[in-house]
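Just the heavy atoms: all of them, side chains too, but no hydrogens, waters or symmetry mates, feed the values below.
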Amino acid sequence: MSEAIAFLPPRAQVLSRRAEILGDLKELVPAGRLVAEETALVPFETDGFIAYRRRPLAVVLPETTAQVAAVMKYCHRYGIPIVPRGAGTSLSGGAIPQEDAVVLGLSAMTRILDIDYSNRTATVQAGVTNLAISDAVGADGYFYAPDPSSQLACTIGGNIAMNSGGAHCLKYGVTTNNLLGVKMVLVDGTLIELGGKHLDAEGYDLLGLVCGSEGQLGVVTEATVRLLAKPEGARPVLFGFDSAEAAGSCVADVIGAGIIPVAIEFMDKPAIEICEAFAKAGYPLDVEALLIVEVEGSEAEMDAMLASIVEIAKRHGVKTVRESQTATEAALIWKGRKSAFGATGRIADYICMDGTVPLSQLAYVLRKTSEIIDRYGLRVANVFHAGDGNMHPLILYNINDPEDAARAEAAGMEILKLCVDAGGCLTGEHGVGIEKRDLMRHQFSDIDLAQQMSVRSAFDEGWILNPSKVFPLEGRG
């Protein structure tokens, strides 16, 4: 499996100059911020997509935007590939390096630079973790809305690169809906600023272009994000169904009725059992599918919304309706959901897919996903953001069995094609990386891809920023 996805061949002219390059990089960052010893490079060989790994030429860990710019300028001058890296939680291989690449790790850039309640913004360095923003402003009644399951570890820079979402994206949107401005270093070391504390940036929407560009247009070093006031109250409720199709149809009807809860999360029976064994969250074990629906507002508002949702759920044969009664119960419900990926890793290796489908196709895609998995003789645990159709089937396999691993990868590719064919797309929040790169032709025509690649080339003519990612290796011009 480790050779199934191709990488660009390393640049011989870079490899031959390794000693000289290391000496030059050492002068550009503080002492201890250059990683070059072979054993020390091992943790940077891969990211959350652990089936693939490559040892980088070196790793630099700058502390300031100026240091990032100096490294970028140097690498651009000598044609040295650069792979930006946040916390390494990418599930699509977005931060996997190459042998000729310098990994530009932003994990040392962890300062919260400004909190402005008058404008409801926070400005942070790219290495600040997602949850750290909410922690910093929570006591004052505010929070940062995007909440990926990895929010304890994942960084804002990585969130921007992949346009990350989370459980509460149904109401509050994903990263692009909560991002107001960035400082970004271009490939030649030039520093630009896009947006700011104001609500709408002037000129073309370059900020929207950067968010989700997977580190191929530049390296974001600072971000200004939107802060929101905490709601008056929030209440997660568990809805259990006798089939995944019934749960999927219920989601479509809730949204179709114009009801927008703050979150609708889905788990099938394998995921329920895995998460309950880990978190002891009180999930019902006698159902085939579970929805976690969270509503917020005043008590009267929450009661009214839940009453409408319950009526719709009854039409789909809901078996269990269980409201959280205390803050502890609510926290446990979300602990179980947010622990899903880690809890699954306790019992098996897995590939986490990330396709998005129209809500009207949820039931169909869930049924076809089950058929695909059965055909390959594998197991799957489905846990995902049902409210916006962002599916995350966890395909379980044995990473030490090459045949089993190949089947898992093939099944995953079929599921992603299914999402596209159902009217959806290849990724909702994990990005393309290397995982879905060769499926881009299934979603886009040659003309579509050429247009996208021309934009990328306008920012990075030599294609040294995060090479081998996103676009098929053939036809790069």
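Expressed to the nearest 0.5 Å, how far CE of M413 lies from CD of E409 amounts to 5.5 Å. One finds the CD1 atom of I272 at 9.0 Å from the CD1 atom of I292 (value rounded to the nearest 0.5 Å). Rounding to the nearest 0.5 Å places OG of S150 at 10.5 Å from CG of L131. Residue S149 holds its OG atom at 9.0 Å from CH2 of W334, rounded to the nearest 0.5 Å. With values rounded to the nearest 0.5 angstrom, N177 atom CG is found 9.0 Å from C169 atom SG. Note: N130 CG to D147 CG = 7.0 Å, rounded to the nearest 0.5 Å.
Relative orientation of the H392 and H430 rings is parallel, given thresholds of 30° and 60° on the angle between their planes.
Residue pairs meeting the side-chain hydrogen bond (donor to acceptor under 3.5 Å, both in side chains) criterion with at least one member in residues 372-384, sequence neighbours excluded, are D268-N382, R375-E414, Y376-E414. Applying the side-chain hydrogen bond (donor to acceptor under 3.5 Å, both in side chains) test to residues at least two apart or on different chains, none of the pairs has a partner in residues 269-287. For residues 205-226, the salt bridge (charged side-chain N to carboxylate O under 4.0 Å, His left out) pairs, not counting sequence neighbours, are K183-E222.
In summary, the side chains of N390 and D354 do present a donor paired with an acceptor at a separation below 3.5 Å, with no hydrogens or angles considered. Side chain to side chain, N163 and T176 fail the donor-acceptor criterion of an N or O pair below 3.5 Å. For the residue pair S468/Q98, the side-chain donor-acceptor check at 3.5 Å is satisfied. Between the side chains of D404 and N398, no donor-acceptor pair is found at a separation under 3.5 Å. A side-chain N or O of T123 and one of T224 form a donor-acceptor pair less than 3.5 Å apart. Donor-acceptor pairing under 3.5 Å is recorded for the side chains of H442 and D421.
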- [ ] I would like to know whether K436 and T427 meet side chain to side chain contact (heavy atoms under 4.5 Å, CB included); could you show each step before the answer?
- [x] CA-CA 8 Å; K436 305 161 190 168; T427 177; 3.4 Å; yes

- [ ] Determine, stepwise, if the pair I312 / C250 fulfils side chain to side chain contact (heavy atoms under 4.5 Å, CB included).
- [x] CA-CA 7 Å; I312 294 173; C250 180; 4.3 Å; yes

- [ ] Start with the C-alpha distance between L104 and V219, add both sets of side-chain angles, then the distance that settles side chain to side chain contact (heavy atoms under 4.5 Å, CB included), and finish with yes or no.
- [x] CA-CA 9 Å; L104 188 61; V219 176; 4.0 Å; yes

TODO: Please test I373 against I395 for side chain to side chain contact (heavy atoms under 4.5 Å, CB included), starting from the C-alpha separation and ending with a verdict.
DONE: CA-CA 8 Å; I373 293 298; I395 302 173; 4.0 Å; yes

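With sequence neighbours left out, T46 forms a side-chain hydrogen bond (donor to acceptor under 3.5 Å, both in side chains) with no residue at all. Evaluation of the side-chain hydrogen bond (donor to acceptor under 3.5 Å, both in side chains) rule for D253 yields H316 as partners, not counting sequence neighbours. Partners of E311 according to the salt bridge (charged side-chain N to carboxylate O under 4.0 Å, His left out) rule, which considers only residues two or more places apart in sequence or in another chain, are K314. Residues forming a side-chain hydrogen bond (donor to acceptor under 3.5 Å, both in side chains) with D242 (at least two apart in sequence, or on another chain): none. With sequence neighbours excluded, the residues satisfying salt bridge (charged side-chain N to carboxylate O under 4.0 Å, His left out) with E371 are K368. When the salt bridge (charged side-chain N to carboxylate O under 4.0 Å, His left out) test is applied to R337, the partners found at least two apart in sequence or on another chain are E265. Taking A343 as the reference, I274, F278 meet the side-chain contact (heavy atoms from CB on, under 4.5 Å) condition, with sequence neighbours excluded. Residues satisfying the side-chain hydrogen bond (donor to acceptor under 3.5 Å, both in side chains) test with R441, not counting sequence neighbours, are D446. For E299, the salt bridge (charged side-chain N to carboxylate O under 4.0 Å, His left out) partners two or more places apart in sequence, or in a different chain, are R235.
When every heavy atom of C154 is checked against every heavy atom of N159, the shortest pair comes out as SG-ND2, 3.5 Å. Contact detail for L207 and G181: the closest heavy-atom pair is CD2-N, 3.8 Å. Of all non-hydrogen atoms in T155 and G86, the two that sit nearest each other are OG1-CA, 3.6 Å. The two residues G387 and L170 make their nearest non-hydrogen contact at O-CD1, 3.4 Å. The nearest pair of heavy atoms linking G94 to D47 is N-OD2, 3.2 Å. The minimum heavy-atom distance between L426 and L439, with the atom names listed, is CD1-O, 3.5 Å.
Aromatic rings from Y117 and Y142 are positioned such that their centres are separated by under 6.0 Å.
Side-chain N or O atoms of Y350 include one that pairs as donor or acceptor with a backbone N or O of F341 at under 3.5 Å. Checking side-chain atoms of S134 against main-chain N and O of Y144 turns up a donor-acceptor pair under 3.5 Å. Between the side chain of Q216 and the main chain of N466, a donor-acceptor pair closer than 3.5 Å is present. A donor-acceptor contact shorter than 3.5 Å links the side chain of E429 to the backbone of G165.
Counting heavy atoms from C-beta on, the side chains of T326 and E329 come closer than 4.5 Å.
Put simply, the residue from F241, F384, F239 that forms a ring pair (Phe, Tyr, Trp, His ring centres under 6.0 Å) with F266 is F384.
Under the 6.0 Å distance and 45° angle rule, R437 does not count as a cation-pi partner of F471.
For the pair D116 and K197, the salt-bridge criterion is met [side-chain N within less than 4.0 Å of a carboxylate O].
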